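So you know, we letter chains A, B, ... as the sequences are listed, proteins then strands, and number each from 1. Keep in mind the model is a prediction, meaning the values are calculated, not measured.
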Amino acid sequence: MTTFPMPADEAEARALQDVLRERVVLDESGPPPGTGHVTGVDVAYDEERDVVVAAAVVLDAATLDVVDRSTARGKVTFPYVPGLLAFREIPAVLAALEALTADPGLVVCDGYGRAHPRRFGLASHLGVLTGLPVIGVAKNPFTFRYGQPGPHRGDFSPLLDGEEEVGRALRTQEGTRPVFVSVGHRTGLDNACAHTLALARDFRQPETTRRADALCRAALREAVA
DNA sequence: GCGACAG
DNA sequence: ATCTTGTCGC
């Protein structure tokens with residue numbers, strides 16, 4: 001079981017990110033798209049009742065069929081603070097991942113990895129804690145700049161923090177806004193985009209995220225019913 | 001100081 | 001994230 005040190009305050013959380021960042025592995029390209037397993041993780045909240053539910057859904061990367069799934073319920077332990085999302089989401093996500101029977105393969109999460117003020121977003125954090133290859137696919141650009149990618153599926157443009165490419169704005173479907181891909185752990189950016197494109201075969205968001213989102217919402221309704 | 005700000 | 005019906009468009 002992976003333990004998660006919960007910081008007492010925001011300053012402590014930022015300091016922890018600065019320490020853990022040193023453990024991120026960026027020189028591996030990661031598993032090739034279309035092979036093995038890909039796992040989506042997501043979290044839903046009921047702030048009123050102080051309930052958080054995470055879901056993990058394992059897909060066959062070639063067919064996008066569901067191979068395994070799990071949920072984990074817990075209590076909200078950290079507020080949403082931009083830049084500190086991981087401290088709010090990871091405890092429940094770790095529990096859901098540990099409840100899986102199948103090998104997770106590559107993990108895809110909502111949010112960012114390197115595209116983060118301190119280069120240590122949710123995807124990086126989850127990767128360091130689990131040792132798994134992880135990428136982040138976000139729906140919004142956070143604070144970063146980017147040029148509009150071309151109109152076709154697969155077109156992309158760099159997500160920039162100053163001059164540094166911290167991720168990419170990737171168009172997964174024509175006629176929809178791009179998604180924002182960044183590397184978390186043990187995966188290269190080209191490969192992360194290739195995975196995202198393969199997983200977003202039918203919709204703007206990767207199938208992993210859609211499945212995990214639907215599952216944690218359903219489990220939350222169940223939990224508070 | 002003010003605004004912006006993954007989920 | 002979450003609150004929420006109908007509705008414009010393909």
Side-chain angles (χ1 to χ4, degrees), chain A residues 4 10 13-14 17 20-21 24 40-57 71-94 96 107-128 134-146 151 153 158-162 164-170 172-185 189 192 196 202-206 208-225:
Chain A
F4 185 80
E10 297 183 15
R14 293 190 182 90
Q17 289 180 325
L20 293 179
R21 182 181 54 234
V24 172
V41 293
D42 197 14
V43 182
Y45 302 89
D46 186 316
E47 217 72 53
E48 296 291 301
R49 310 192 189 202
D50 193 40
V51 175
V52 49
V53 172
V57 179
T71 59
R73 176 185 174 161
K75 299 167 81 172
V76 179
T77 54
F78 207 87
Y80 171 68
V81 180
L84 300 179
L85 178 64
F87 297 97
R88 179 172 170 80
E89 306 228 321
I90 285 190
V93 169
L94 284 177
V107 177
V108 181
C109 52
D110 288 26
Y112 287 122
R114 283 199 64 206
H116 177 274
R118 285 170 296 284
R119 301 291 179 274
F120 196 70
L122 174 60
S124 316
H125 206 143
L126 186 59
V128 164
V134 183
I135 67 172
V137 180
K139 296 179 286 297
N140 301 294
F142 202 5
T143 61
F144 303 104
R145 302 188 325 95
Y146 67 100
R153 174 173 154 76
L159 237 202
L160 300 171
D161 186 356
E164 183 182 358
E165 180 183 44
V166 294
R168 284 179 190 158
L170 175 66
T172 55
Q173 298 286 327
E174 295 190 14
T176 63
R177 304 189 307 108
V179 296
F180 303 88
V181 181
S182 63
V183 162
H185 185 60
L189 186 53
T196 301
D202 304 324
F203 298 93
R204 174 185 176 236
Q205 292 202 65
T208 37
T209 299
R210 302 184 72 247
R211 295 312 247 279
D213 180 73
L215 181 55
C216 69
R217 289 194 196 214
L220 178 63
R221 281 179 309 209
E222 170 89 11
V224 301

**Student:** Grab the CG-C1' distance between D46(A) and dC3(C) for me, whole Å please.
**Tutor:**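 It works out to 12 Å between those atoms.
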**Student:** Roughly, in whole Å, what's the span from CZ in R221(A) to P in dA1(C)?
**Tutor:**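 After rounding, the reported distance stands at 14 Å.
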**Student:** Think K139(A) has a side-chain N or O under 4.0 angstrom from the OP1 or OP2 of dA6(B)?
**Tutor:**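 No.
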**Student:** Rounded to the nearest angstrom, tell me the gap between atom CG in D110(A) and atom P in dC5(B).
**Tutor:**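 That distance rounds to 18 Å.
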**Student:** Rounding to an integer number of Å, can you tell me how far E89(A) CD sits from dT2(C) P?
**Tutor:**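 So the CD-P distance, E89(A) to dT2(C), works out to 10 Å.
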**Student:** Would you say a side-chain N or O of Y80(A) is under 4.0 Å from OP1 or OP2 of dA6(B)?
**Tutor:**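 Looking at the OP1 and OP2 atoms of dA6(B), one of them is under 4.0 Å from a side-chain N or O of Y80(A).
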**Student:** Taking any heavy-atom pair under 4.0 Å as a contact, classify L84(A): base, sugar-phosphate, or nothing.
**Tutor:**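 Since a base atom lies under 4.0 Å of L84(A), the category is base.
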**Student:** Just to be sure I understand the rule, does G136(A) reach a base, reach only the sugar-phosphate, or reach nothing, if contact means heavy atoms closer than 4.0 Å?
**Tutor:**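 Nothing, no heavy atom under 4.0 Å.
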**Student:** What closest approach, in Å, do C216(A) and A54(A) show between heavy atoms, and which atom pair accounts for it?
**Tutor:**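 Shortest heavy-atom contact: CB-C, 4.2 Å.
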**Student:** Under the side chain to side chain contact (heavy atoms under 4.5 Å, CB included) rule, what do H125(A) and L84(A) come out as? Steps first, then yes or no, please.
**Tutor:** CA-CA 10 Å; H125(A) 206 143; L84(A) 300 179; over 6 Å; no
**Student:** So, taking the atom named OH in Y146(A) and the one named CG in L159(A), what distance separates them when rounded to the nearest 0.5 Å?
**Tutor:**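 It comes to 8.0 Å.
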**Student:** Ignoring backbone atoms, test whether N140(A) places a side-chain nitrogen or oxygen under 4.0 Å from the OP1 or OP2 oxygen of dC5(B).
**Tutor:**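 For N140(A), the contact criterion (side-chain N or O under 4.0 Å from OP1 or OP2 of dC5(B)) is not met.
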**Student:** In whole angstrom, what separates L220(A)'s CG from dG7(B)'s C1'?
**Tutor:**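 Rounded to the whole Å, the gap is 14 Å.
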**Student:** What's the CD-C1' distance between Q173(A) and dC10(C), to the nearest Å?
**Tutor:**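 Checked: the CD to C1' distance equals 14 Å.
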**Student:** Quick check on ring pair (Phe, Tyr, Trp, His ring centres under 6.0 Å): which of Y45(A), F4(A), F87(A) does F78(A) satisfy it with?
**Tutor:**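 By the ring pair (Phe, Tyr, Trp, His ring centres under 6.0 Å) criterion, F78(A) pairs with just one of Y45(A), F4(A), F87(A): F87(A).
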**Student:** Identify which nucleotide among dC5(B), dT2(C), dG7(B) has an atom closest to any side-chain atom of A44(A), counting heavy atoms from C-beta outward.
**Tutor:**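 The answer is dT2(C).
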**Student:** Atom CG of D213(A) to atom C1' of dA1(C): distance rounded to whole Å?
**Tutor:**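 Computing the D213(A):CG to dA1(C):C1' distance gives 10 Å.
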**Student:** Base, sugar-phosphate, or nothing: which does Y112(A) touch, judged by heavy atoms less than 4.0 Å apart?
**Tutor:**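 Result for Y112(A) = base.
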**Student:** Quick one: is R217(A) getting a side-chain N or O under 4.0 Å of the dA1(C) phosphate, OP1 or OP2?
**Tutor:**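 Result: yes.
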**Student:** Starting at CG of L85(A) and ending at C1' of dC5(B), how long is that distance when rounded to a whole Å?
**Tutor:**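 Computing the L85(A):CG to dC5(B):C1' distance gives 11 Å.
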**Student:** Can you see which heavy atom on R73(A) is nearest to which on V51(A), and at what distance?
**Tutor:**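 So the minimum-distance heavy-atom pair works out to NH2-CG2, 3.8 Å.
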